[in-house]
Amino acid sequence: MHISRRRFLHSVSLGTAAGVLVPVSLPGVSNVSVLQSVQPKKIGKFIQLNHNENAYGPSSKTLKSIQAAVPMANRYVHHYELAARIARFHGVRPSQVLLGCGSTEIMRMAVQAFLGYGKELVQAAPTFHAPESYAKLIGAKVRLVPLTAEFAHDLDGMSGTGSGAPDLVYICNPNNPTASITPRKNLEDFLGQLPPTTYVLIDEAYHHYAQQSSRYVSFLDQPFNDERVIVMRTFSIVYGLAGLRLGYAIASPATLKRMRPFATLDNVNGMVARAAIAALEDQQAIEECVRRNANDRQEFFNQAVARMLKPIDSHTNFVMMNAHHSAAEVTGHFRRNKILIGQRFPAMDTYIRVSLGTPSEMRAFWRAWDLLPYANMHHH
Ligand SMILES: Cc1ncc(COP(=O)(O)O)c(C=O)c1O
């Protein structure tokens, strides 16, 4: 996810301190020394539970493939092979795969391809912010539809209104920041009712953590075969590659043909082009991450329940929880205790979003929670 604007400005204002370069040699890479930027201490010492990253990092196979790509950093990358591998992995043709610099680039391409001045995007409130931000930049209308009481997408509310059907709908499933899912059956009914002119962007960024639920079915594992449906995945979460930036969309060749012209030229970097192939096929590492996450999530709920807290049922690697106090205040408390938790969501202003960290990071989280004056006072 994105560095916050404030943090970005902060690191800029540190000037050269942020840009000091020291030679570092990577293990397993012979005769290569790379320059690594030294993070300012101020950022480094925070526990980061604010971006839904994979707390355990990339797998060792994935790391090795990154290291193997380092000496070729001077070369442009031909990513046909990566697209072909992703296609094979999902049982589709390479012409049905579109690569992006993160899935956020895919979102931008979709917005540019299917929206424009006067056209309309519909998305949930709250959900991932990127489509809304990109749509507003190009003068499109944005209609925000609150989630249902079960924190699913309100699909009736998202389909047409008196003013006609939307041009693009963004569905985040499971949803960030609520960690909740929208049942497959409802999504199919929704798609069945939409006019042929409405495109639907389905974001499966947290797919791997949701598979245990029978109400969740991926649109890649069980395709809907509809030209209007664009399914997105990212390498930023379960594969642990957020910093290398790679996402992809699977859709019909005709739909992707409309989006491709908006891609940045050579938008996939050489490290991730190699790493992604290793990560995609490292099934054991994925299972291990999902298993660890299930344990970490269970432990979070145990700790929450012990404090009379009731988080929203989570199908992801983060948890959304009503703190019954201003989220700004609670987030500030954690920041003072050197822990960063999710940014604020105006639609749910007493809720905090906590990305699951390692067990020791989570112990630090609960120690800081218990320092809140109202830590143990909730009875519901
Ligand atoms: C819903 C959603 N989609 C996508 C992403 C990842 O974006 P990218 O693939 O650009 O890193 C995130 C990351 O937090 C997210 O929450």
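Counting starts at 1 for both ligands and their atoms, in listed order. Computed from a predicted model, the values in this text were never measured in an experiment.
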Expected output: side-chain N173 to main-chain T182 donor-acceptor under 3.5 Å: yes
Ligand 1-proximal atoms of M107, by part, heavy-atom distance under 4.0 Å: side chain
For the student: nearest non-hydrogen atoms of P126 and M348, plus distance: CG-SD, 3.5 Å
Within-shell test, S103 vs ligand 1, heavy atom, strictly < 4.0 Å: yes
Numbering as shown, the atoms of ligand 1 that approach A205 to under 4.0 Å (heavy-atom distance): 2 (C), 3 (N), 4 (C)
Proximal atoms of ligand 1 relative to N176 (non-hydrogen, under 4.0 Å): 1 (C), 15 (C), 16 (O)
Residue pairs, two or more places apart or on separate chains, that pass ring-ring contact (aromatic ring centres under 6.0 Å, His included) and touch residues 180-199: F114-Y199
Whether N52 lies under 4.0 Å from ligand 1, heavy atom: no
Residue Y170 vicinity, atoms of ligand 1 by number, heavy atom under 4.0 Å: 1 (C)
Mode of R245 contact toward ligand 1 - side chain, backbone, both, neither (heavy atoms, under 4.0 Å): side chain
K185/E188 salt bridge by N-O under 4.0 Å criterion: no
A179 versus T316, closest heavy-atom pair with distance: CB-OG1, 3.2 Å
Under 4.5 Å side-chain linkage, directly or through intermediates, the cluster mates of Y56: none
Proximal ligand 1 atoms for G102, defined as those under 4.0 Å from one of its heavy atoms: 8 (P), 9 (O), 10 (O)
Ligand-residue contact atoms, ligand 1 with Y206, heavy atoms, under 4.0 Å: 1 (C), 12 (C), 13 (C), 14 (O), 15 (C), 16 (O)
F318 to ligand 1, any heavy atom closer than 4.0 Å: no
Side chain to side chain, L168 and K119, heavy atoms closer than 4.5 Å: no
Contacting atoms of ligand 1, where contact means under 4.0 angstrom from a heavy atom of S236: 8 (P), 9 (O), 11 (O)
Where ligand 1 meets C172 - atom numbers and elements under 4.0 angstrom, heavy-atom basis: 1 (C)
Note, D296 side chain near M362 side chain (heavy atom, < 4.5 Å): no
Location of contacts on T104 toward ligand 1, heavy atoms closer than 4.0 Å: both
Closest non-hydrogen atom pair between F300 and M321, with its separation: CE2-SD, 3.9 Å
